[in-house]
J.: 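The structure that follows is given in the form of structure tokens.
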Amino acid sequence: MLLTAKLCWMTLDDTTRASAVVLLILVIVGTVLEGAGIASVFVLISVIGDPATISKFGILGQIADRYALEGNLLITTLSIGIAAFIIFKNSYLYIVICYRVSFVNDGIARDGKRLLSRYLDQTYEQFIQRNSADYIRNTFISVRSVHAGIFTGFIEFITESLVAITILIITLVAEPVAASIAFAFVGTVFLVIYQFLGRRMTRLGEERHFLEKEVLQNLNQSLNNFRDIQLYYLGQHFIRTFAELISSYTQNYRSYGILTQTPRLVFESVLPIGIVTVVVVAVLSNDKGNILPLLALFAVSAMRILPSFNRIVMSVNGIKSGFAALNEIAPDLSVKSARSTNLGNNGAANSIKFDDVIELEGVGYGYDKSLTKRVVKNISVKIRCGQSVGLVGVSGAGKSTVADLLLGLLRPDAGRILIDGKDITDHMREWQHLLGVVPQSINFLDDTLRRNVAIGIDDADINEADLEEALSKAQLQETIKNLPDGLDTNIGERGVKLSGGQRQRVGIARALYRKPKVLILDEATSALDLETEWEVNQSIKNLHGQVTLIVIAHRLSTVRDCSKLIYLDGGVIIDEGTYDELYQRCAPFTRLVDRGEFSGENNE
């Protein structure tokens with residue numbers, strides 16, 4: 001538990017740590033009030049049995065003597081005072097509960113936001129190392145497991161442990177022998193339960209954490225492959241896999257539910273033994289006159305300590321079962337953003353404007369960081385401002401990798417990329433503000449066309465003039481006129497209410513809305529039929545000379561009008577020049593043209 005507590009503390013920011021300290025102080029004060037409330041019952045019963053015993057209770061005896069409180073007046077006054085104190089105590093505990101619940105739920109919201117911020121601020125290389133189901137589970141489910149299980153567990157553990165210790169002290173003062181025997185017995189039972197449940201709860205937590213990811217991943221894959229499932233009648237396979245996973249998941253929760261309820265039944269079974277112990281000790285001590293107050297004290301103590309022991313066990317169970325989730329998200333919450341800390345100097349004096357040339361100097365890159373297995377090798381090329389450049393080659397030539405390097409999504413492990421003589425590594429944020437990209441597969445929001453073009457921008461901040469300009473350049477005006485609500489039409493998940501060509505033009509408009517100086521089109525028309533491709537290419541041709549175009553394509557029609565073509569093979573530049581120049585002197589390029597098309601895929 002100490003390791004778990006240390007990990008928890010590491011995930012908290014300074015403000016939350018201060019709130020945790022305040023909560024601890026509130027809990028300690030609440031514990032003192034709880035103890036006083038229990039002791040007051042013993043005092044009241046003793047005074048009812050013999051009003052003269054008030055003199056044994058320190059300040060209460062002094063108050064009674066000062067105000068001449070005796071007999072029924074003393075009992076009545078004491079009863080009213082104790083009732084008022086209990087109301088005050090419970091009101092205070094209500095405030096503590098509100099603060100505690102707010103602390104936990106605010107933590108869920110805060111850390112969910114922190115995790116999403118961390119994940120979206122990773123480098124591209126880091127992001128692709130994990131499955132999207134990991135990110136979804138951690139941000140929404142694991143955060144809740146940590147705060148509702150571990151943080152709540154520690155709060156409950158501390159609170160109820162202090163209550164149990166306070167009750168032990170009070171009962172030891174009242175009847176040392178009986179209290180020692182009763183608590184030794186109950187403590188032994190608690191340790192046995194702890195040993196029995198501890199490892200099982202840790203194992204169940206690890207299993208549940210794993211199954212949560214598997215269930216989410218299966219659902220993602222089932223829904224994302226809907227067309228193939230319908231076409232090839234694959235539904236039963238995905239349903240069967242989901243049924244197996246969800247069955248294991250519910251079995252895990254079933255076991256967890258049974259184990260968490262067991263301690264309460266055990267403690268309720270041993271409670272009568274504690275009461276009998278008190279009676280026997282009182283009788284054997286020949287202190288029969290003191291039996292009633294002792295029984296009242298131990299009965300009230302038992303009523304309060306029974307749920308305390310049960311909550312202690314449940315809190316330990318929650319801490320144990322939530323450890324796997326904490327162990328997963330703690331590094332993500334603690335690590336500094338790799339992307340934000342490497343965005344470079346954004347000072348205006350050294351800002352990148354791109355008025356001249358993009359230079360790749362000996363650029364190399366390998367996904368596994370092996371110097372012998374590089375996807376891109378010693379690439380050196382210049383792209384002038386305003387040029388339209390086509391990257392061509394067979395599948396696996398490294399075209400898309402070069403594009404990702406230019407976009408700053410990947411960082412060269414050899415060489416450098418210069419913009420007007422300045423390394424983009426030192427000016428990444430500024431450089432990326434100058435970029436627009438249209439991929440083959442565009443991700444859409446299940447939202448309006450307006451919000452899909454101006455993605456990530458609040459409605460109040462959308463520049464209507466820039467929006468209209470981007471839509472016009474992408475030749476979307478006719479499409480908008482035919483939509484029922486124009487720009488405010490919801491285009492559906494993944495843009496399903498639009499045709500393939502319309503989706504690509506929306507992608508172009510999205511890129512152009514940000515007024516880029518460099519527009520990279522990565523297989524942007526490869527999934528379209530020839531007629532639709534021709535229409536989209538007209539939109540692209542209109543951009544020649546307005547922005548610097550870097551086009552990756554495996555169709556001749558897409559790159560034929562580029563001012564320069566760069567032919568890659570095996571991650572190396574084989575040749576560069578105009579279309580006619582390459583056709584005359586580059587045999588691999590000539591063969592592709594003679595076959596009537598370029599062949600290639602997007603994932604290189």
J.: Would you call Tyr513 and Ile462 a side-chain contact if the rule is heavy atoms closer than 4.5 Å?
T.: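 Contact flag for Tyr513/Ile462 side chains = yes.
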J.: State whether the side chain of Asp458 and the backbone N or O of Ala460 hold a donor-acceptor pair below 3.5 Å, judged by distance alone.
T.: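 No; judged by distance alone, with no hydrogens or angles, the pair does not exist.
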J.: If we only count heavy atoms from C-beta on, is the Phe103 to Ile155 side-chain gap below 4.5 Å?
T.: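 Heavy-atom side-chain distance check passes, below 4.5 Å.
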J.: Is there side-chain contact between Arg110 and Asp13, with at least one heavy-atom pair below 4.5 Å?
T.: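 Yes. Closest side-chain heavy atoms under 4.5 Å.
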J.: Using side-chain hydrogen bond (donor to acceptor under 3.5 Å, both in side chains) as the criterion, point out the one residue from Asp488, Asp459, Asn490 that pairs with Arg451.
T.: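 Passing option: Asp459.
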J.: Side chains of Leu216 and Ile141: does their closest heavy-atom pair fall under 4.5 Å?
T.: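 SC-SC contact between Leu216 and Ile141 confirmed.
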J.: Look at atom CZ of Phe85 and say whether more than 12 heavy atoms of other residues, nucleotides or ligands are closer to it than 6.0 Å.
T.: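 Yes - once you tally the heavy atoms of other residues, nucleotides and ligands closer than 6.0 Å, there are more than 12.
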J.: Quick one: does Ser55's side chain have a donor or acceptor within less than 3.5 Å of a partner on Ala52's backbone?
T.: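 Present.
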J.: Ile329: what forms a side chain to side chain contact (heavy atoms under 4.5 Å, CB included) with it, not counting sequence neighbours?
T.: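 Partners of Ile329 by the side chain to side chain contact (heavy atoms under 4.5 Å, CB included) criterion, ordered by chain and then number, come out as Leu115, Asn138, Ser142, Val143, Val146, Leu333.
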J.: Take a 6.0 Å sphere around OH of Tyr92 and say whether it holds more than 12 heavy atoms from other residues, nucleotides or ligands.
T.: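 Result for OH/Tyr92: enclosed.
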J.: Which of parallel (below 30°), tilted (30 to 60°) and perpendicular (above 60°) describes His147 and Phe151?
T.: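 Correct class here is parallel.
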J.: Hey, is CD1 on Ile59 packed in by over 12 heavy atoms from elsewhere, all under 6.0 Å?
T.: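 No, CD1 of Ile59 has 12 or fewer neighbouring heavy atoms, counting only those of other groups under 6.0 Å.
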J.: Can you tell me if Thr152 uses its side chain to pair, donor with acceptor, with the backbone of Gly149 under 3.5 Å?
T.: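 A pair under 3.5 Å: no.
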J.: Between Arg311 and Glu160 (salt bridge meaning N to carboxylate O under 4.0 Å), is one present in this structure?
T.: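 Answer for the salt bridge query: yes.
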J.: Any donor and acceptor pair, going by atom type alone, linking the side chain of Gln129 with main-chain N or O of Glu125 inside 3.5 Å?
T.: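 Judged by distance alone, yes, a pair lies under 3.5 Å.
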J.: More than 12 non-hydrogen atoms from neighbouring residues, nucleotides or ligands closer than 6.0 Å to OH on Tyr119, yes or no?
T.: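 Count over threshold, so yes.
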J.: Can any side-chain N or O of Thr260 pair as donor or acceptor with the backbone N or O of Gly257 at less than 3.5 Å?
T.: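 Between the backbone of Gly257 and the side chain of Thr260 there is a qualifying donor-acceptor contact (under 3.5 Å).
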J.: Heavy-atom count around Gln236 CD within 6.0 Å, excluding the residue itself: above 12?
T.: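 It does not: Gln236 CD has 12 such atoms or fewer within range.
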J.: With sequence neighbours excluded, what pairs up with Leu487 under the side chain to side chain contact (heavy atoms under 4.5 Å, CB included) test?
T.: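 Leu487 satisfies side chain to side chain contact (heavy atoms under 4.5 Å, CB included) with Leu449, Arg450, Leu467, Glu468, Leu471, Ile480 only.
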J.: State, to 0.1 Å, how close Val453 and Arg514 come at their nearest heavy-atom pair, and which atoms those are.
T.: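 Heavy-atom minimum between the residues: O-NH1, 3.8 Å.
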J.: Are any of the side-chain nitrogens in Glu156 or Arg100 under 4.0 Å away from the carboxylate oxygens of its partner?
T.: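 Result for this pair is yes, salt bridge flagged.
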J.: Is the backbone N or O of Gly318 less than 3.5 Å from a side-chain atom of Ser321, with the two atoms forming a donor-acceptor pair by type?
T.: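 Judged by distance alone, yes, a pair lies under 3.5 Å.
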J.: According to side chain to side chain contact (heavy atoms under 4.5 Å, CB included), who are the partners of Asn443, at least two apart in sequence or on a separate chain?
T.: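 Scan of Asn443 (side chain to side chain contact (heavy atoms under 4.5 Å, CB included), adjacent residues dropped) gives none.
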J.: Hey, does Leu234 have a side-chain heavy atom less than 4.5 Å from the side chain of Asn225?
T.: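 Sidechains of Leu234 and Asn225: no contact.
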J.: When you measure from the side chain of Ser315 to the backbone of Ile312, do you find a donor-acceptor pair of N or O atoms at a distance under 3.5 Å?
T.: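 Present.
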J.: Using the test salt bridge (Lys or Arg N to Asp or Glu O under 4.0 Å), find all partners of Arg114 that sit at least two apart in sequence or belong to another chain.
T.: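 For Arg114, the residues satisfying salt bridge (Lys or Arg N to Asp or Glu O under 4.0 Å) (neighbours in sequence not counted) are Asp111.
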J.: Answer yes when Arg144 and Glu212 have at least one side-chain N-carboxylate O distance shorter than 4.0 Å, and no when they do not.
T.: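 So Arg144 does not pair with Glu212 through a salt bridge.
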J.: Is there a donor-acceptor pair closer than 3.5 Å between any side-chain N or O of Asp121 and the backbone N or O of Ser117?
T.: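 Side chain of Asp121 to backbone of Ser117: no pair is present.
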J.: Would you indicate whether Phe210, at its atom CZ, is surrounded by more than 12 heavy atoms from other residues, nucleotides or ligands within a distance under 6.0 Å?
T.: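 Atom CZ in Phe210 is not packed in, count stays at 12 or less.
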J.: By salt bridge (Lys or Arg N to Asp or Glu O under 4.0 Å), which residues pair with Asp461, not counting sequence neighbours?
T.: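 Asp461 satisfies salt bridge (Lys or Arg N to Asp or Glu O under 4.0 Å) with no other residue.
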J.: If you define the side chain from C-beta out and look only at heavy atoms, does anything of Asn105 sit under 4.5 Å from Ile108?
T.: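 They are in side-chain contact.
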J.: Checking the side chain of Tyr256 only, and the main-chain atoms of Gly205 only, is there a donor and an acceptor separated by less than 3.5 Å?
T.: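 No, the answer is negative, given that no donor and acceptor are paired below the 3.5 Å cut-off.
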J.: Are the aromatic rings of Tyr253 and Tyr249 close, with centres under 6.0 Å apart?
T.: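 Yes: the rings meet the under 6.0 Å criterion.
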J.: For the residue pair Ile442 and Arg510, establish whether any side-chain heavy-atom pair is separated by less than 4.5 Å.
T.: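 When only atoms from C-beta onward are counted, Arg510 and Ile442 do touch, with a gap below 4.5 Å.
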J.: Taking Ile246's backbone N and O only, do any of them form a donor-acceptor pair with Thr250's side chain (distance below 3.5 Å, no angle check)?
T.: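 Flag set: sc Thr250 to bb Ile246 pair under 3.5 Å.
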J.: Answer yes or no: is there a side-chain heavy-atom contact under 4.5 Å between Tyr367 and Leu410?
T.: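 Yes, their side chains come closer than 4.5 Å.
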J.: For Arg203, give me all partners under salt bridge (Lys or Arg N to Asp or Glu O under 4.0 Å), at least two apart in sequence or on another chain.
T.: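 Residues passing salt bridge (Lys or Arg N to Asp or Glu O under 4.0 Å) with Arg203: none at all.
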